[in-house]
Amino acid sequence: MSTVVVIGAQWGDEGKGKVTDFLARGADIVVRYQGGNNAGHTVVADGQEYKLHLIPSGILHPEKLCLIGNGVVLDPEVFIGEVEGLSARGISTSNLKISPRAHVIMPYHLRIDACDEERRGANRIGTTGRGIGPAYADKAARAGIRVADLIDPESLAERLKIALEEKNAILTKLYGSQAFDFEAVYGTYKKYGERLAPFVSDVSILINEAIREGKNILFEGAQGTLLDIDHGTYPYVTSSHPVAGAACLGSGVGPTKIDKVIGVAKAYITRVGEGPFPTELKDETGERLRRRGHEFGTTTGRPRRCGWFDAVIARYAARINGLDYLAVTKLDVLTGLDRIKICTAYSYGGETVEEFPATLKVLSRCRPVYEEVPGWTEDISTVRKIEDLPVNAQNYLRRISQLSGVPLALAGVGPGRDQTLVIKELY
Ligand code: IMP
């Protein structure tokens with residue numbers, strides 16, 4: 001038996017979808033435990049591309065149980081759309097379950113997300129506009145609507161009435177926006193509740209039973225460590241906890257039940273949205289990484305900011321998540337670069353900084369200290385063993401693992417399921 005948590009070790013978009021899809025082969029259950037449809041996973045399976053936002057990427061393996069834990073915020077319209085999209089392509093969703101404790105993203109959350117961003121102006125966060133922050137805010141304010149309410153018309157009516165009183169006041173008085181009509185929202189969401197009801201099950205019970213039976217469980221994190229609301233680059237973060245500890249909270253499993261934590265990191269680094277980014281490349285090399293790495297958001301289509309691998313961030317992710325192993329993705333994107341830079345530390349006011357700073361004020365003034373290594377020109381997309389990689393590519397992988405202080409488990413050389421080098425078996 002093994003329980004494995006996979007998290008993003010950078011700013012999200014590290015290629016977790018591919019890694020989880022690959023690891024899902026050895027798992028009996030795949031669980032999502034935080035975030036919502038702000039996430040976007042592109043998975044290529046049997047030559048077909050699937051873009052998933054909410055449903056765990058394990059869904060492409062028909063025999064796996066796929067669970068959406070209580071820590072997720074669920075937009076029912078998006079969920080139903082994904083279920084229908086998968087069904088239309090012959091992918092069964094009969095093994096998909098949602099926790100009744102998960103919170104629901106309501107239409108006013110989407111509107112408030114947009115209005116908040118507009119109000120922030122130059123200080124906008126650059127959210128995905130999916131209502132994530134406002135939904136988590138309501139959860140913390142004890143004003144949320146949970147899946148259990150959505151599927152119970154009486155509870156839904158009760159909770160929605162209370163919510164709309166407040167939201168309509170905010171929308172009309174603060175933002176000069178339109179109020180939501182109770183009957184219209186209730187009618188639509190009651191129907192969504194009927195569609196969702198067959199999927200609802202106590203996810204915590206299912207996982208804990210499976211752990212007792214010795215099954216393999218994969219916890220699939222969304223976003224990345226630096227987008228964590230506590231440990232990330234606050235306030236340019238998401239409103240949930242992409243770090244490994246959240247796997248327990250967001251699914252109803254005790255910390256003693258987790259065996260391994262894998263951090264996924266790109267061989268370089270990207271970021272979408274606003275906020276400081278020490279190794280950002282605003283030049284031709286950055287443009288090249290974006291083009292070769294197809295660095296455009298799965299959810300919003302926005303171009304991602306690209307930069308060199310940052311070992312300060314990798315060490316920070318190792319500490320915050322307790323990483324056992326690193327999965328490095330998109331190594332092939334670096335092919336053809338003459339020299340590759342790795343950020344080993346920051347320089348701040350003449351001092352060398354080894355640890356990731358707590359404030360944006362300091363981070364924005366940190367300059368990367370680079371080490372340069374030689375690149376490689378050979379096509380590595382067909383390589384399947386680490387020892388078959390060009391020696392400079394092997395050295396690059398070893399060096400980033402060494403600087404991060406985390407051993408390597410996997411390395412990706414292309415988007416396909418089979419384009420993965422296994423350095424350490426994880427089940
Ligand atoms: P929100 O999660 O939509 O509230 O957005 C907050 C911040 O997190 C923004 O900078 C987004 O670009 C970023 N973000 C949210 N989800 C993802 C993701 O899946 N990948 C990368 N960035 C994300």
Side-chain angles (χ1 to χ4, degrees), residues 6-20 32-43 51-57 71-75 78 82 103 105-106 108-120 122-140 220-243 246 250 263-266 268-277 280 290 293-307 313 317 329-330 360 363-364:
V6 173
I7 59 94
Q10 298 165 330
W11 269 295
D13 308 315
E14 297 92 349
K16 291 178 299 296
K18 187 196 144 176
V19 173
T20 39
R32 260 203 71 181
Y33 55 86
Q34 48 74 225
N37 59 305
N38 48 348
H41 290 164
T42 306
V43 184
K51 287 190 192 296
L52 298 170
H53 296 285
L54 198 48
I55 295 180
S57 22
V72 168
V73 284
L74 184 135
D75 185 326
V78 172
E82 284 195 8
H103 278 249
I105 298 178
M106 299 296 290
Y108 44 82
H109 291 138
L110 294 156
R111 179 95 63 82
I112 291 172
D113 198 351
C115 292
D116 277 345
E117 281 286 82
E118 203 177 310
R119 179 177 51 83
R120 288 183 197 112
N123 295 322
R124 73 187 182 283
I125 289 160
T127 73
T128 59
R130 301 301 190 262
I132 306 294
Y136 277 116
D138 269 359
K139 173 176 170 172
E220 171 183 345
Q223 290 89 41
T225 303
L226 294 185
L227 290 173
D228 186 276
I229 191 156
D230 273 302
H231 300 287
T233 43
Y234 193 87
Y236 297 103
V237 291
T238 190
S239 298
S240 72
H241 292 285
V243 299
V264 184
K266 267 181 203 164
Y268 49 99
I269 194 164
T270 62
R271 166 163 213 186
V272 276
E274 309 301 319
F277 178 175
E280 182 169 15
R290 186 174 307 117
H294 308 290
E295 298 296 356
F296 297 89
T298 314
T299 302
T300 57
R302 288 182 288 179
R304 295 177 184 145
R305 300 154 68 193
C306 298
I313 290 174
T329 57
K330 296 190 144 183
L360 294 191
L363 184 66
S364 62

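First listed ligand is number 1; within each ligand, the first listed atom is number 1. It should be emphasised that the depicted structure is a prediction, and the values quoted were computed from it without experimental measurement.
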Looking only at atom types and distance, does a side-chain atom of [X] sit under 3.5 Å from a main-chain N or O of [Y], one as donor and one as acceptor?
{"X": "Q10", "Y": "L226", "value": "no"}
{"X": "K266", "Y": "D13", "value": "yes"}
{"X": "N37", "Y": "L54", "value": "no"}
{"X": "E14", "Y": "G12", "value": "yes"}
{"X": "R32", "Y": "Q34", "value": "yes"}
{"X": "R290", "Y": "R304", "value": "yes"}
{"X": "K16", "Y": "Q223", "value": "yes"}
{"X": "R120", "Y": "G126", "value": "no"}

Output the list of atoms in ligand 1 that are nearer than 4.0 Å to some heavy atom of [X], sorted by atom number.
{"X": "Q223", "result": "15 (C), 16 (N), 17 (C), 18 (C), 19 (O)"}
{"X": "G126", "result": "9 (C), 10 (O), 11 (C), 12 (O)"}
{"X": "V272", "result": "10 (O), 12 (O), 21 (C), 22 (N)"}
{"X": "W11", "result": "21 (C), 22 (N)"}
{"X": "V237", "result": "6 (C), 7 (C)"}

Which residue owns the protein heavy atom closest to [atom], what's the atom, and how far is it?
{"atom": "atom 2 (O) of ligand 1", "answer": "T238 OG1, 2.6 Å"}
{"atom": "atom 5 (O) of ligand 1", "answer": "T127 CA, 3.3 Å"}
{"atom": "atom 8 (O) of ligand 1", "answer": "L227 CD2, 3.6 Å"}
{"atom": "atom 20 (N) of ligand 1", "answer": "D13 OD1, 3.0 Å"}
{"atom": "atom 3 (O) of ligand 1", "answer": "T128 OG1, 2.6 Å"}

Is the contact between [X] and ligand 1 made by the side chain, the backbone, both, or neither, using heavy atoms and a 4.0 Å cut-off?
{"X": "H53", "result": "neither"}
{"X": "Y236", "result": "neither"}
{"X": "D113", "result": "neither"}

Q.
I'd like to know whether ligand 1 has R302 as a neighbour, heavy-atom separation below 4.0 Å.
A.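 Heavy atoms of R302 do come under 4.0 Å of ligand 1.
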Q. Is there a heavy atom in A39 that sits closer than 4.0 Å to ligand 1?
A. yes
(Q) What verdict does the side-chain hydrogen bond (donor to acceptor under 3.5 Å, both in side chains) test give for H103 and D138, after you've listed the backbone C-alpha separation in whole Å, the side-chain angles of each residue and the deciding distance to 0.1 Å? (A) CA-CA 9 Å; H103 278 249; D138 269 359; over 6 Å; no
Q.
T238 and side-chain contact (heavy atoms from CB on, under 4.5 Å): which single residue from D228, I229, L227 fits?
A. L227
